[in-house]
Amino acid sequence: MIKVTPAEFTLLVKYIHDISGIALDPGKEYLIETRLSPLLEQLGCKSYTELHQKAKTDPLKAIERKIIDGISTNETYFFRDKSPFDLLQFKLLPDIIDRRTDGGRKPRQVNLRIWSAASSTGQEIYSIAMIIKELGLDPKNYNITLIGTDISDAVIAQASYGKYNKFEATRGLSQGFLNKYFNQDGECWRIKDEVRAMAQFRKINLMESFAALGKFDIIFCRNVAIYFSPETRKNLYQKLCGALEPDGYLIIGSTESLSNDTTLFKPQKYLNSIFYQRSDYSPK
């Protein structure tokens, strides 16, 4: 394995931050070496400096995309941490529906837009889809939009296909949900078409504008901002605030906090879960 020099590490840290927002601290040289060394071999590069030069001069940005795919952390599984999905099922969705229908006194079609802002290979947004199926929300009464986005082309492709190996499929899923919402495909499992069709996937770099996605009632942005610098996190949360409906909800990772990065959101608690609403929102 080719070793990265201190100068190359500094060069690549800045480049990776510029293209993805991911901040690599000193001591993460091993991460560069283990994740990018296969790309060096594939491209015939003798050094990380050469890899950087090829990436910068690639007009199609194919090498840049491969670097992002390599360096991105795609740790995910179905119903990860569980509590956010209990929160969604028993608190957030019922409250939104109650407000939209004035406690059921104004029956009409309810629009629900939910965004998984770092959806990786799709487990989070499909978990949300399964929760919605469990709630029995009739499409005649609910116009539901589920969007999963990620910066990596590779994980977006897998998410769109909805096929998982045995380890991926059984990690976080009960046998009941596996049998109910998946079809076995050889040694793998593929999510049923009726669930897969509920979600759409797009490549989005959270460093850039995502205003074209529109407004959302609920945004999941879990365990992604921890890889960003403080300034990048501040900018991200400002944009997320703008993408959230006035009475919408933001869900971040269980080990994350907004207190040091922004005052645009106020924390709320339900049982053992923390969620956020816009600071300018006042319930009627």
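Source: prediction; values computed, not measured. Along the sequence shown, residues carry numbers from 1.
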Linked, directly or transitively: Ile156 and Tyr227 (ILVMFWY side chains, under 4.5 Å): no
Student check: side-chain heavy atoms of [X] and [Y] closer than 4.5 Å:
{"X": "Ile252", "Y": "Asn223", "result": "no"}
{"X": "Leu93", "Y": "Ile218", "result": "yes"}
{"X": "Leu51", "Y": "Ile63", "result": "yes"}
{"X": "Asp217", "Y": "Ile114", "result": "no"}
{"X": "Tyr142", "Y": "Ile97", "result": "yes"}
{"X": "Arg233", "Y": "Asn260", "result": "no"}

Any side-chain donor near an acceptor of the partner, [X] and [Y], under 3.5 Å:
{"X": "Gln123", "Y": "Thr121", "result": "yes"}
{"X": "Ser47", "Y": "His52", "result": "no"}
{"X": "Ser119", "Y": "Glu124", "result": "no"}

Residues, nucleotides or ligands: over 12 heavy atoms within 6.0 Å of Gln238 CD: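 Counting neighbours around CD of Gln238, 12 or fewer heavy atoms of other residues, nucleotides or ligands fall under 6.0 Å, so no.
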Is it the case that more than 12 heavy atoms not belonging to Asn272 sit under 6.0 Å from its CG atom? no
Aromatic ring proximity [X]/[Y], centre distance under 6.0 Å:
{"X": "Phe78", "Y": "Phe182", "answer": "yes"}
{"X": "Phe79", "Y": "Phe177", "answer": "yes"}
{"X": "Tyr126", "Y": "Phe201", "answer": "yes"}
{"X": "Phe216", "Y": "Trp115", "answer": "yes"}

Could you tell me whether the side chain of [X] and the main chain of [Y] form a donor-acceptor pair under 3.5 Å?
{"X": "Thr232", "Y": "Phe228", "result": "no"}
{"X": "Glu8", "Y": "Tyr48", "result": "yes"}
{"X": "Lys239", "Y": "Glu208", "result": "yes"}
{"X": "Lys192", "Y": "Lys180", "result": "yes"}
{"X": "Glu256", "Y": "Gly253", "result": "yes"}
{"X": "Arg190", "Y": "Tyr161", "result": "yes"}
{"X": "Lys215", "Y": "Gly242", "result": "yes"}
{"X": "Thr262", "Y": "Leu264", "result": "yes"}

Could you measure the distance from the NZ atom of Lys234 to the CG atom of Leu258? Nearest 0.5 Å is fine.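 Answer for the NZ-CG pair, Lys234 versus Leu258, is 13.5 Å.
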Does a salt bridge link Lys82 with Asp86, judged by any charged N lying under 4.0 Å from a carboxylate O?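 Counted as a salt bridge, because a side-chain N and a carboxylate O are separated by less than 4.0 Å.
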